[in-house]
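In this chain, residues are counted from 1 in sequence order.
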Amino acid sequence: ETQTMGVFRQTSREQADMEAIVQEHYAAVYRFCARRVGPELAQDAAQETFITAQKSMKRFDGRSTLGTWLFGIAHNHCRNLSRKAKHETSFGEFWDGEEMSESGSEQTLVDREALRQALKKLSPEHREVVLLHEVDGLTYEEAASVIGVPVGTIKSRLHHAFLNLRRALTGCEEVTA
């Protein structure tokens with residue numbers, strides 16, 4: 001009986017820990033997913049992320065932050081959902097609602113639409129590093145951990161993505177990288 005109580009206490013503690021993790025990280029994971037698969041699929045992707053995290057928690061080794069680890073799981077779920085649904089990245093959810101309402105001038109809306117169009121022209125690899133670094137605010141190291149590539153690859157992709165964005169936004173031809 002003592003062993004059973006110990007297992008029960010451990011299970012209850014793990015469940016409480018997971019509930020705390022979900023409460024702390026759900027909003028960020030949801031936004032991360034919404035930027036990649038759109039708001040209609042984001043809730044499913046976020047829920048699958050936390051289910052996978054709960055099953056894999058023992059394998060979390062602390063080499064990255066918990067948030068970065070969750071983004072890595074979410075990244076994989078979003079990629080799988082996109083393949084299944086043949087979904088294109090949603091660019092309507094890039095900025096938080098309060099930023100959108102703060103500056104609602106026509107020029108700002110035109111600039112944002114131009115940026116959305118320029119982002120659509122990027123390769124999926126370049127678009128993903130821009131999202132991770134510039135929109136999600138991850139460091140080079142965190143972005144590398146999420147995608148599973150070396151830090152130098154993140155820096156290179158960002159460099160080429162910015163070159164292509166600059167050219168697209170100024171009306172020049174896209175550079176092939």
Side-chain angles (χ1 to χ4, degrees), residues 25-53 55-56 59-60 63-97 99-100 108-177:
H25 295 277
Y26 185 83
V29 169
Y30 174 83
R31 282 191 307 272
F32 180 94
C33 293
R35 290 183 191 111
R36 285 150 183 84
V37 296
E40 60 282 346
L41 295 175
Q43 189 171 11
D44 289 342
Q47 287 175 354
E48 288 298 321
T49 297
F50 288 104
I51 290 169
T52 301
K55 291 176 184 175
S56 306
R59 288 184 289 188
F60 176 65
R63 283 186 292 162
S64 64
T65 66
L66 183 59
T68 301
W69 183 67
L70 290 169
F71 284 161
I73 295 169
H75 173 74
N76 290 331
H77 281 296
C78 290
R79 205 169 41 187
N80 292 338
L81 273 174
S82 290
R83 277 190 213 127
K84 285 179 188 172
K86 298 201 186 329
H87 188 271
E88 209 172 288
T89 301
S90 169
F91 294 104
E93 298 289 322
F94 273 126
W95 296 274
D96 290 342
E99 187 180 324
M100 285 293 279
T108 302
L109 293 175
V110 169
D111 291 346
R112 286 192 179 139
E113 184 55 32
L115 180 57
R116 284 186 188 101
Q117 293 305 314
L119 284 164
K120 281 183 179 181
K121 293 178 184 177
L122 293 177
S123 70
E125 293 82 12
H126 289 161
R127 188 170 42 246
E128 185 63 29
V129 295
V130 170
L131 285 172
L132 289 170
H133 190 264
E134 298 301 318
V135 179
D136 295 322
L138 300 184
T139 64
Y140 296 131
E141 292 77 12
E142 290 169 332
S145 176
V146 167
I147 297 177
V149 299
V151 173
T153 302
I154 296 295
K155 291 178 179 180
S156 173
R157 287 180 184 175
L158 267 175
H159 172 75
H160 290 287
F162 289 144
L163 286 176
N164 287 329
L165 282 172
R166 190 173 300 122
R167 283 175 173 72
L169 291 169
T170 60
C172 297
E173 286 299 310
E174 188 174 325
V175 173
T176 55

Worked verdict on Leu132 versus Arg157 for side-chain contact (heavy atoms from CB on, under 4.5 Å)
CA-CA 12 Å; Leu132 289 170; Arg157 287 180 184 175; over 6 Å; no
Quick check: do Tyr26 and Gln43 have side-chain heavy atoms less than 4.5 Å from each other?
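Touching, per the 4.5 Å side-chain cut-off.
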Between Thr52 and Lys55, is there a side-chain heavy-atom distance shorter than 4.5 Å?
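Answer no - side chains too far apart.
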Got a second to check how far [X]'s [atom1] is from [Y]'s [atom2], nearest 0.5 Å?
X	Y	atom1	atom2	value
Asp136	Thr68	CG	OG1	10.0 Å
Cys78	Ile73	SG	CD1	12.0 Å
Glu125	Thr153	CD	OG1	11.0 Å

Looking at every non-hydrogen atom in both residues, tell me the closest pair between [X] and [Y] and how far apart they are.
X	Y	value
Ala161	Leu122	O-CD2, 3.7 Å
Trp69	Ser56	CZ2-O, 3.8 Å
Val37	Glu40	O-OE2, 3.5 Å
Ala74	Thr49	CA-OG1, 3.2 Å

Taking the six-membered ring of Phe32, is NZ or CZ of Arg35 closer than 6.0 Å to its centre and within 45° of its axis?
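Ring-cation test returns no.
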Quick one, Glu128 with Leu131, criterion side-chain contact (heavy atoms from CB on, under 4.5 Å). Give me CA distance, side-chain angles, the key distance, then yes/no.
CA-CA 5 Å; Glu128 185 63 29; Leu131 285 172; 4.2 Å; yes
Step-by-step side-chain contact (heavy atoms from CB on, under 4.5 Å) determination, Leu66 to His25:
CA-CA 9 Å; Leu66 183 59; His25 295 277; 3.9 Å; yes
Would you confirm whether Ser156, through its side chain, and Gly152, through its main-chain N or O, come within 3.5 Å as a donor-acceptor pair?
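No; judged by distance alone, with no hydrogens or angles, the pair does not exist.
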Applying side-chain hydrogen bond (donor to acceptor under 3.5 Å, both in side chains), run through Arg167 and Asn164 and close with a yes or a no.
CA-CA 5 Å; Arg167 283 175 173 72; Asn164 287 329; 5.8 Å; no
